[in-house]
Amino acid sequence: MLSQIDTILFPDSCEVLEVAPRRFVYPIHKNGSTSLHNSGFRKLELEEIKQLDMIEVFVRDPVDRYVSGVTKFVEDTELDDYTVLHFVDNYLFLNNHYAPQFYWLLNLQRFTEAKLILRPLDQLNTITKLHHNISDKNKLVRVSNKVQFYLKLDQVLVGELLGKTVTFKQIVQTIKHRYPEVYKEVIQRSIDLCNVLV
C-alpha cells in the first residue's frame, strides 16, 4: 500500500452477483449497484469469483457518473458543499462512488481473470426492474481538465469497448493505444513505482 486511500479505492473485497443461472454481474457504485443489491441476487464467495469465466459489467458515461458520484459524496458528508468540493477538485478521487470505473475493474482483476462483457447502463433493466438512487446533480460540481484526463480511462470502456467481451489486459492495451499520455501518467507511473519495491 503506497497510500492509505488505496484501501478505500481498492478494497480487499470484491462483490459479484449471480443474477440468473450462470449469469454474473459485477456491481459498480453509481452504475445501478443499489438496484442490483435490492433485487435479492445471490452474492458469490471469493473462491467462487476466482472460478468464473465471464462477468458482465454495466458501464456509464464517465462525466455523468462522475458528477452523480461527487453529488453522492457531498450528500454523505457533514461538511459544507464548498469544502468537500475543494477536496474533490484538488485531490481527485477520494471515494469509489466517483473514482473511475477502470479502478473498479482493476480491483476486480485482483480476484479473478474472468473475461468482462461491457454493457451499457441502459440495459440494466434486462436484469432488474428496480431503479434506486435517483438524485439531483449538485450544480456546484465541475469537471476539471485534470478530472477529464483521468476519465479517459473510462472513455475507452464506453467509447471503444462497449458491447464487447474483453480481458482486463485488452482494456489496458486499448488505453495505451488510444490515450498514450493517460497510460504513461496513470498506469506506467504506477508500474514504475511498484517495480522499485520488488
Side-chain angles (χ1 to χ4, degrees), residues 1-16 26-31 33 49 55-74 84-121 141-198:
M1 177 173 78
L2 297 177
S3 165
Q4 191 276 330
I5 198 75
D6 291 346
T7 61
I8 295 169
L9 299 179
F10 306 102
D12 289 332
S13 62
C14 182
E15 187 173 73
V16 174
Y26 178 52
I28 293 177
H29 285 170
K30 305 312 295 175
N31 290 16
S33 62
I49 295 171
I55 299 172
E56 294 178 51
V57 182
F58 289 87
V59 292
R60 180 176 179 181
D61 173 78
V63 172
D64 186 49
R65 180 179 175 274
Y66 175 81
V67 172
S68 179
V70 171
T71 299
K72 174 71 172 152
F73 184 56
V74 170
V84 176
L85 292 172
H86 170 78
F87 283 107
V88 168
D89 286 342
N90 288 285
Y91 305 107
L92 292 190
F93 309 113
L94 301 172
N95 179 286
N96 56 20
H97 278 88
Y98 63 95
Q101 296 160 93
F102 175 82
Y103 285 18
W104 282 80
L105 299 181
L106 173 60
N107 200 56
L108 175 63
Q109 185 66 28
R110 295 172 57 204
F111 302 96
T112 183
E113 294 181 9
K115 289 184 179 179
L116 306 172
I117 305 169
L118 301 177
R119 301 213 185 276
L121 185 58
V141 177
R142 64 184 193 89
V143 183
S144 68
N145 289 337
K146 189 165 47 170
V147 168
Q148 288 181 15
F149 180 82
Y150 274 82
L151 292 184
K152 289 178 181 176
L153 294 166
D154 287 354
Q155 190 55 47
V156 164
L157 304 175
V158 299
E160 314 239 349
L161 301 175
L162 194 64
K164 297 183 179 177
T165 301
V166 294
T167 64
F168 185 74
K169 288 182 181 180
Q170 288 172 313
I171 294 171
V172 172
Q173 287 305 307
T174 304
I175 293 167
K176 185 176 185 178
H177 172 73
R178 183 71 174 90
Y179 298 111
E181 70 285 357
V182 175
Y183 177 87
K184 181 180 177 185
E185 179 62 28
V186 179
I187 298 172
Q188 189 61 54
R189 177 183 292 268
S190 297
I191 292 169
D192 293 345
L193 285 171
C194 289
N195 281 339
V196 172
L197 299 173
V198 292

Residue pairs meeting salt bridge (Lys or Arg N to Asp or Glu O under 4.0 Å), one or both in residues 157-172, sequence neighbours left out, come to Glu160-Arg178

Run the numbers on Lys146 and Leu92 for side chain to side chain contact (heavy atoms under 4.5 Å, CB included), then give the verdict. CA-CA 8 Å; Lys146 189 165 47 170; Leu92 292 190; 3.9 Å; yes

Taking it one step at a time, do Tyr26 and Ile49 satisfy side chain to side chain contact (heavy atoms under 4.5 Å, CB included)? CA-CA 10 Å; Tyr26 178 52; Ile49 295 171; over 6 Å; no

Sequence neighbours left out, cut at 3.5 Å: what donor-acceptor pairs do the side chains of residues 189-198 make with other protein atoms?
residue : atom : partner : partner atom : Å
Arg189  : NE   : Glu185  : OE2          : 3.1
Arg189  : NH2  : Glu185  : OE1          : 3.3
Arg189  : NH2  : Glu185  : OE2          : 3.4
Ser190  : OG   : Val186  : O            : 2.8
Asp192  : OD1  : Gln188  : NE2          : 2.8
Asn195  : ND2  : Ile191  : O            : 3.4

Set of residues satisfying side-chain hydrogen bond (donor to acceptor under 3.5 Å, both in side chains) with respect to Ser144, sequence neighbours excluded: none

Just grab all the salt bridge (Lys or Arg N to Asp or Glu O under 4.0 Å) pairs involving residues 104-115, residues at least two apart or on different chains. Asp12-Arg110

Determine the minimum heavy-atom distance between Ser13 and Asn107, stating which atoms define it. O-ND2, 3.3 Å

OH/Tyr150 to CG/Asn145 distance, rounded to the nearest 0.5 angstrom? 13.5 Å

For Phe149, the ring pair (Phe, Tyr, Trp, His ring centres under 6.0 Å) test, sequence neighbours excluded, returns none

Atom pair CZ (Arg142) and CG (Asp89), whose distance is rounded to the nearest 0.5 Å: 4.0 Å

For His97, what residues pass the ring pair (Phe, Tyr, Trp, His ring centres under 6.0 Å) criterion, not counting sequence neighbours? His29

Rounding to 0.5 Å, atoms CD1 (Ile55) and OG1 (Thr112) come to a distance of 4.5 Å

Could you measure the distance from the CG atom of Leu118 to the CG atom of Leu105? Nearest 0.5 Å is fine. 7.0 Å

Tell me, which pairs form a salt bridge (Lys or Arg N to Asp or Glu O under 4.0 Å) where one or both residues lie in residues 150-159, sequence neighbours left out? Lys152-Glu181

When rounded to the nearest 0.5 Å, the distance separating CZ of Arg60 from CD of Gln101 is 8.5 Å

Please report the interatomic distance CZ(Phe73) to CG(Leu94), rounded to the nearest 0.5 Å. 5.0 Å

Grab the two heavy atoms, one from Asn31 and one from Val59, that are nearest each other, plus how far apart they are. ND2-CA, 3.6 Å

Can you find a pair of side-chain heavy atoms, one from Val88 and one from Val147, that are under 4.5 Å apart? no

Could you pull out the closest heavy-atom pair between Asn96 and Ile8, with the gap in Å? ND2-O, 3.6 Å

Quick check: closest heavy atoms across Ala99 and Leu9, and the distance to 0.1 Å? CB-CD2, 3.9 Å

Which pairs, with at least one residue in residues 154-178 and sequence neighbours excluded, count as a ring-ring contact (aromatic ring centres under 6.0 Å, His included)? Phe102-Phe168

Are side-chain heavy atoms of Leu161 and Leu116 found at a separation under 4.5 Å? no

Salt bridge (Lys or Arg N to Asp or Glu O under 4.0 Å) partners of residues 91-103, not counting sequence neighbours, each pair once: none

List the residues meeting ring pair (Phe, Tyr, Trp, His ring centres under 6.0 Å) with Tyr179, not counting sequence neighbours, and say none if there are none. none

Between Ile171 and Val156, the two heavy atoms sitting closest are O-CG1, 4.4 Å

Kindly write out the residues that satisfy side-chain hydrogen bond (donor to acceptor under 3.5 Å, both in side chains) with Asp61, not counting sequence neighbours, or none if the list is empty. none

Going by ring pair (Phe, Tyr, Trp, His ring centres under 6.0 Å), name the residues that satisfy it together with Tyr66, two or more places apart in sequence or in a different chain. Tyr98

Do side-chain atoms of Gln148 reach the backbone of Val143 as a donor and acceptor pair under 3.5 angstrom? yes

When every non-hydrogen atom of Cys14 is compared with those of Phe111, the smallest separation belongs to CB-CD1, 3.3 Å

